[in-house]
Every structure is written in structure tokens, then in C-alpha cells.
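This report refers to the structure that appears directly beneath it.
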Amino acid sequence: MIKSTNIHYYVRDPATKIIYRTVGYTYPQKVLVYPKYIPSISGTRGEQALKYQGINYPSGSVKYQASTHFSENAIVKLELNETFNTFLFTADKDQLELYDPTVTLQKRMAEDNPRAILLTKLINLLVEKTQVSLDVLGLDASMLVHMDKDGSDIDLVVYGKDNAEKIRDFWN
């Protein structure tokens with residue numbers, strides 16, 4: 001269940017296995033989403049038997065949404081949004097699977113592979129040099145949802161303005 005006021009999350013529809021990015025105006029019980037990774041026979045992303053294909057926003061995801069018939073069981077539904085006076089993909093927050101940025105960071109740092117070693121070195125350096133706590137750091141984008149490749153960048157989330165300024169100042 002998504003409880004935070006942060007409106008940019010990665011979530012998965014458990015019925016269709018499509019991974020979405022939440023975006024924009026968030027309602028108390030619902031969230032607006034767009035597809036980011038879709039199950040695909042020709043997909044090259046993901047570590048499990050189920051492979052995924054990345055979808056670029058906005059053109060790729062809009063085309064995908066416009067041309068796709070969703071499963072009757074899908075959690076994500078196309079609904080008329082009266083605020084924006086258009087149809088948008090929405091879902092009940094309680095029914096989506098949330099990728100937690102802070103929990104996933106710690107799990108990825110515990111993995112035994114070259115990317116995890118690099119990630120761990122980066123995080124340890126940031127924590128040591130800035131004195132921010134590991135608890136205020138998280139992952140985002142492809143590393144968060146296990147869709148990263150060897151050449152993928154490492155997208156970090158830093159919670160709290162003061163913490164973000166410390167990280168930015170050190171990085172500069």
C-alpha cells in the first residue's frame with residue numbers, strides 16, 4: 001500500500017505483471033500511472049524467466065496504452081478523469097505491488113555481482129563523506145525494478161532537503 005505523499009513510484013499490476021511509473025496528481029485512494037516495462041517475448045530486461053521490454057514516456061507509453069486491450073482482471077484501468085477532462089490510466093493504491101526504494105537499495109547492496117559491488121562502493125562513499133544515513137537513500141528507475149543492464153546508470157533517491165544538499169555539495 002502506498003502511504004507516502006511522494007507521487008513518483010514504480011508499481012506492478014499483479015494481474016498483468018506490467019510495471020508502471022506513478023506520475024502527477026495523486027488521489028487519496030487512486031494513483032495515475034503510465035507503463036514503463038511490459039512483459040515481452042523479445043524483451044531483454046529482467047533476471048527472471050519473465051522478460052520485459054522498456055517503454056519510453058510519453059510517446060511509447062501513450063502508443064502502447066492506445067493500442068492495448070487490458071485484461072479484465074487488470075488492476076490498472078482506463079478511466080475518465082474529471083480533473084483533466086480526459087481518459088487516464090489509474091489504479092487503486094492498495095491493489096498494486098510497490099517497489100520500495102530504500103528496502104530495494106539494501107537488498108541490491110547485499111547481492112554478489114559486479115553491479116552490486118559498484119553500488120555498495122558508491123553508497124559507502126556517499127555515507128562516509130557526507131555523514132547522511134543509509135536510511136535516507138534509495139534506488140530509482142531500472143535498478144529499483146531489477147531491469148538494469150551492465151551499462152545502466154545508478155539512479156539514487158535522497159530523502160530530505162538537507163540530505164540532498166549534502167550529497168549534491170559533495171558530488172560537485
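Worth knowing before you read on, the calculation uses all heavy atoms, side chains too, and leaves out hydrogens, waters and symmetry mates. Here, residue 1 is the first one in the sequence, and each next residue gets the next number.
Annotation: salt bridge (charged side-chain N to carboxylate O under 4.0 Å, His left out) contacts of Glu165 (sequence neighbours excluded): none. With sequence neighbours left out, the side-chain contact (heavy atoms from CB on, under 4.5 Å) criterion links Leu78 to Phe87, Phe89. Listed by chain and number, the residues in a side chain to side chain donor-acceptor pair (under 3.5 Å) with Lys149 are Thr44 (sequence neighbours excluded). Pro39 is linked by a side-chain contact (heavy atoms from CB on, under 4.5 Å) to Lys17, Ile18, Leu50, Tyr52, counting only residues two or more places apart in sequence or in another chain. Partners of Arg115 according to the salt bridge (charged side-chain N to carboxylate O under 4.0 Å, His left out) rule, which considers only residues two or more places apart in sequence or in another chain, are Asp148. Residues meeting the side chain to side chain donor-acceptor pair (under 3.5 Å) test with Ser42, sequence neighbours left out: Ser40. With sequence neighbours left out, Ser152 forms a side chain to side chain donor-acceptor pair (under 3.5 Å) with no residue at all. Tyr34 pairs by the ring pair (Phe, Tyr, Trp, His ring centres under 6.0 Å) definition with Tyr57, not counting sequence neighbours. Residues that satisfy the side-chain contact (heavy atoms from CB on, under 4.5 Å) test with Ala15, not counting sequence neighbours, are Asp13, Asn73. Residues passing the side chain to side chain donor-acceptor pair (under 3.5 Å) test with Gln106: none are found, sequence neighbours excluded.
Arg12 is listed as a side-chain neighbour of Tyr99, based on a closest heavy-atom distance under 4.5 Å. Side-chain contact between Ile38 and Thr16 is absent, with no heavy-atom pair separated by less than 4.5 Å. Using a 4.5 Å heavy-atom threshold, the side chains of Lys107 and His146 count as separate. At a threshold of 4.5 Å between non-hydrogen side-chain atoms, the residues Tyr37 and Ile55 do not count as touching. Residues Gln95 and Ile75 have side chains in contact (heavy-atom distance under 4.5 Å, counting atoms from C-beta outward).
The shortest non-hydrogen separation linking Leu139 to Val157 is O-CG2, 3.8 Å. For the pair Pro14 and Glu97, the tightest heavy-atom approach, listed with the atom from each and the gap, is CB-OE2, 3.3 Å. In terms of heavy-atom proximity, Leu126 sits nearest to Val132 at O-CG2, 4.3 Å. In plain terms, the two heavy atoms of Arg108 and Met143 that are nearest each other are NH1-O, 2.7 Å. Contact detail for Tyr159 and Pro101: the closest heavy-atom pair is OH-CG, 3.4 Å. Contact record, Leu144 with Tyr10: CD2-CD1, 3.7 Å, taken as the closest heavy-atom pair.
In this structure, Asp153 CG and Ser142 OG are separated by 6.0 Å, a value rounded to the nearest 0.5 Å. Note that CG of Leu96 is 9.0 Å distant from OG1 of Thr22, once rounded to the nearest 0.5 Å. Expressed to the nearest 0.5 Å, how far CZ of Arg168 lies from OG1 of Thr130 amounts to 13.0 Å.
For Asn172, the CG atom sits in a packed shell: over 12 heavy atoms of surrounding residues, nucleotides or ligands are nearer than 6.0 Å. No more than 12 heavy atoms of other residues, nucleotides or ligands sit less than 6.0 Å from atom CG of Asp150.
In terms of modelled atom types and a separation under 3.5 Å, the side chain of Asp100 and the main chain of Thr102 share a donor-acceptor contact. With hydrogens and angles ignored, the 3.5 Å screen pairs a side-chain donor or acceptor of Thr120 with a backbone N or O of Met109. In this structure a side-chain-to-backbone donor-acceptor pair under 3.5 Å is present from Asn81 to Thr83. Side-chain atoms of Asn113 come within 3.5 Å of backbone N or O of Ala116 as a donor-acceptor pair.
Hydrophobic clustering (side-chain heavy atoms under 4.5 Å, transitive across Ile, Leu, Val, Met, Phe, Trp, Tyr) keeps Val103 apart from Leu134. Leu118 and Leu105 fall within the same hydrophobic cluster, defined by Ile, Leu, Val, Met, Phe, Trp and Tyr side-chain heavy atoms under 4.5 Å apart, directly or through other members. Side-chain heavy atoms closer than 4.5 Å link hydrophobic residues (I, L, V, M, F, W, Y) into clusters, and following such links, even through other members, never connects Ile123 to Ile117. By the criterion of side-chain heavy atoms lying less than 4.5 angstrom apart, applied directly or through intervening Ile, Leu, Val, Met, Phe, Trp or Tyr residues, Leu156 is grouped together with Leu125 in one hydrophobic cluster.
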- request: Please step through side-chain contact (heavy atoms from CB on, under 4.5 Å) for the pair Ile19 and Met147, ending with a clear verdict.
  value: CA-CA 10 Å; Ile19 297 172; Met147 297 293 159; 3.6 Å; yes

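Residue pairs meeting the salt bridge (charged side-chain N to carboxylate O under 4.0 Å, His left out) criterion with at least one partner in residues 120-143, sequence neighbours excluded, are Arg21-Asp140. Listed by first and then second residue, the salt bridge (charged side-chain N to carboxylate O under 4.0 Å, His left out) pairs that reach into residues 73-83 are Lys30-Glu79, sequence neighbours excluded.
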